[in-house]
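Below: one structure, written as structure tokens.
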Amino acid sequence: MALPPAVEDPSPAAQAWRTAGLAAALFAIDPSGLGGVVLRAQVGPVRQRWTALFRALLPQDIPLRRVPAGVSDDRLIGGLDLTATLRSGRPVAERGLLSEADGGVLVLAMAERLSPSAAARIAMALDTGEVAVERDGLTARMPTRFGVVAEDEGLAEEAPPTVLTERLGLHLDLERLSQRDLADWPFDLETVTAARKLLPDVRAGGAALEALCATAVALGIASLRAPLQALRAACAAAALNGRTSVEEADSALAAALILAPRATRLPTPAEPEEPGETDAETPAGEAEPRPEDPAAAKDDGEAELSERVLDATAAAIPKGLLDKLKLAGQAPRGPQTTGAAGAAKLSLDRGRPIGARAGRPRSGVRLNLVETLRAAAPWQPLRRADTTGGKVAIRAEDFRVTRFKQKSETATVFAVDASGSTAFHRLAEAKGAVELLLADCYVRRDQVALLAFRGTGAELLLPPTRSLVRAKRALAALPGGGGTPLAAAIESASALGVTLLRRGITPLLVFLTDGQANIARDGRPGRPQAQADAEKAARHLASQRLSVLLVDTSPRPSEKARALAAAMAALYLPLPQADARKLDAAVRATLAR
């Protein structure tokens with residue numbers, strides 16, 4: 001059954017919804033071959049509509065399993081069926097969600113919050129086609145083939161684990177669509193079922209694979225999975241059109257769906273060919289007859305196919321994708337955090353449960369009864385020989401205590417350059433930038449501290465506090481003028497950050513300066529020594545592995561400020577480009593490291 005023709009000059013929203021429909025149809029045809037779909041959309045009618053229409057393309061007997069973000073290993077991969085084991089007196093295995101989804105689809109709710117361990121287990125099952133269970137006295141391998149729908153509803157800087165998204169071929173972004181943009185898709189269950197039956201007979205030539213690989217290279221895609229997934233998508237597209245061979249339109253569609261969202265660069269345009277010596281010797285208007293070389297003609301045809309597929313893919317690259325990649329590439333190293341919360345740390349008495357470990361229950365430590373019984377169950381046949389009454393025999397080595405993980409508090413330390421150069425240029429704008437960041441800190445309930453440096457040293461005007469009023473009052477009273485003791489400011493901010501870190505608080509240091517140091521560490525004026533001291537302090541700050549953001553307050557982006565940011569391993573952001581949105585994105589990107 002041939003697909004209906006596309007609407008001429010569709011609106012961007014209509015085109016995005018049609019693309020989402022094509023992706024759903026191809027995924028329904030070959031779920032395990034394409035790996036899955038990363039569906040970026042908030043909870044609402046758009047995502048509900050896509051999910052309902054996609055479910056309508058799947059046979060009723062195909063299993064569809066939903067996985068919560070905090071799924072445990074027992075539920076995900078399976079393990080010991082505690083009730084059946086205690087009842088029978090022998091280990092009884094229980095299937096997990098991965099094996100239950102065999103031949104169907106696994107839906108990951110809030111995939112951006114999926115733990116790294118759960119993502120790794122799902123990725124391993126996708127790669128190997130089986131689930132290995134080796135725990136609780138059990139050893140089993142269960143075959144499973146499934147596709148994944150990863151629902152991504154996080155903020156702009158949040159994303160599902162890369163180890164998982166690398167294996168999911170289709171990436172859809174429906175956040176800009178509204179309910180009025182939705183329409184029925186030109187596919188039904190009968191069409192998709194016929195295409196699924198035809199798929200094993202579809203063949204793709206070497207030219208199609210070469211065109212997809214060349215397109216992936218031109219777009220800067222390093223993964224080998226991407227062109228292979230695009231080839232599977234091209235075969236599914238051919239089957240959807242009722243063909244048994246892959247044509248150019250199928251390759252172009254597959255490249256636009258699979259390769260375009262993963263592009264890391266725009267393809268470079270081909271240079272025009274210069275006329276050769278033979279062409280120069282041929283008189284104008286006369287054509288020199290040449291014998292046709294079949295091999296050369298085949299190579300030319302494959303090259304033209306690669307160029308056409310590349311052009312179609314480049315046109316499908318989402319707007320702003322490369323800009324987002326550039327901003328993400330500037331993020332510095334630092335403590336691993338999630339969103340606006342502080343660094344994750346283990347705890348024995350509070351936070352989110354993340355499992356259990358062997359240990360004795362004591363003050364402040366909670367006994368995990370279920371895991372204790374699970375640890376004791378495999379040994380019951382041996383222990384019952386020494387006991388009477390048929391009771392469960394539990395020993396000290398069976399005790400399991402619950403482990404928790406909690407987020408630490410976050411404190412943002414603003415180090416503001418109030419020297420004469422900054423006061424002359426942009427101290428008012430720097431204060432305005434801090435106002436924007438203070439408001440964002442208040443929303444996140446961060447602590448804030450204000451450190452100003454001018455004259456010969458740095459002064460802590462406001463110790464860490466949650467009072468937005470006190471922070472704004474201290475900022476408004478900040479005078480300007482004098483030298484730039486940049487080294488002293490970096491050392492003071494670094495010392496405060498380390499102190500906060502030792503107190504269990506995740507610090508973020510935000511410097512607002514033009515990078516023009518003229519006061520040395522010993523308080524004497526002199527630009528060369530002051531700049532050397534500042535760079536030395538910046539390198540020492542980098543060794544502390546703190547999260548740092550440097551906002552350049554120069555009239556134009558300064559190379560000294562950029563070099564200083566590189567020395568302290570900080571995210572660099574010029575103030576001329578630092579509107580409210582970019583400042584907020586920069587702070588969140590720094591915290592997310």
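Since the structure is predicted, the reported quantities are computational estimates derived from the model, not experimental observations.
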For a 4.5 angstrom cut-off between non-hydrogen side-chain atoms, does Leu549 reach Val551?
yes

Using the rule salt bridge (charged side-chain N to carboxylate O under 4.0 Å, His left out), only one of Arg47, Arg113, Arg40 pairs with Asp152; which is it?
Arg40

Can you check whether Glu459 reaches Arg454 side chain to side chain, under 4.5 Å on heavy atoms?
no

What's the shortest heavy-atom distance between Pro485 and Gly455, and which atoms?
CD-O, 3.7 Å

Side-chain heavy atoms of Leu108 within contact of Val149, under 4.5 Å
no

How many angstroms lie between atom NZ of Lys560 and atom CD of Gln516, to the nearest 0.5 angstrom?
4.5 Å

I'd like to check Phe453 versus Ile519 (side-chain heavy atoms, cut-off strictly below 4.5 Å). Are they in contact?
no

When you look at Arg562 and Asp552, which way does the salt bridge (charged side-chain N to carboxylate O under 4.0 Å, His left out) test go after all the steps?
CA-CA 8 Å; Arg562 189 187 299 272; Asp552 185 359; over 6 Å; no

Flag the pair Leu168 / Leu126 as yes when at least one side-chain heavy-atom distance between them is below 4.5 Å, and no otherwise.
yes

Could you give the distance from CG (Leu509) to OG (Ser492), rounded to the nearest 0.5 Å?
11.5 Å

So, for Ala520 and Ala530, which heavy atoms are closest and what is the spacing to 0.1 Å?
N-CB, 3.7 Å

Going by salt bridge (charged side-chain N to carboxylate O under 4.0 Å, His left out), name the residues that satisfy it together with Glu535, two or more places apart in sequence or in a different chain.
none

Can you check whether Leu486's main-chain N or O pairs, donor with acceptor, with Thr484's side chain at less than 3.5 Å?
no

Report yes if the side chains of Asp127 and Arg167 come closer than 4.5 Å at any heavy-atom pair, otherwise no.
yes

I need the full list of salt bridge (Lys or Arg N to Asp or Glu O under 4.0 Å) pairs touching residues 479-493, with sequence neighbours left out, sorted by first then second residue.
Glu491-Arg521

For Arg176 and Asp181, which heavy atoms make the closest approach, and how far apart are they?
O-OD2, 4.4 Å

Is there a side-chain contact between Leu114 and Ile122, using heavy atoms and a 4.5 Å cut-off?
yes

Nearest heavy-atom neighbours spanning Thr165 and Pro160:
CG2-CB, 3.7 Å

Looking only at heavy atoms, what is the nearest atom pair of Gly220 and Thr264, with distance?
O-OG1, 2.8 Å

side-chain contact (heavy atoms from CB on, under 4.5 Å), that's the test. Do Trp50 and Leu177 meet it? Break it down for me.
CA-CA 11 Å; Trp50 187 94; Leu177 298 183; over 6 Å; no

If I take atom NE2 from residue His171 and atom CZ from residue Arg262, how far apart are they, to the nearest 0.5 angstrom?
4.5 Å

Roughly how far, to the nearest 0.5 Å, is CD of Gln531 from CG of Asn518?
9.0 Å

To the nearest 0.5 Å, how far apart are CG in Leu259 and CD in Gln229?
9.0 Å

Where the side chain of Thr553 meets the backbone of Asp514, is there a donor-acceptor pair that is under 3.5 Å apart?
yes

Apply side-chain contact (heavy atoms from CB on, under 4.5 Å) to the pair Met110 and Glu153, showing each step before the final yes or no.
CA-CA 6 Å; Met110 294 188 291; Glu153 54 188 68; 3.6 Å; yes

Nearest atoms (heavy-atom pairs only) where Ala125 meets Leu98
CB-CD1, 4.1 Å

The reported gap from CG in Leu508 to OG1 in Thr412 (rounded to nearest 0.5 angstrom) is 4.5 Å

So Ile490 and Leu564, do their side chains get closer than 4.5 Å, heavy atoms only?
yes

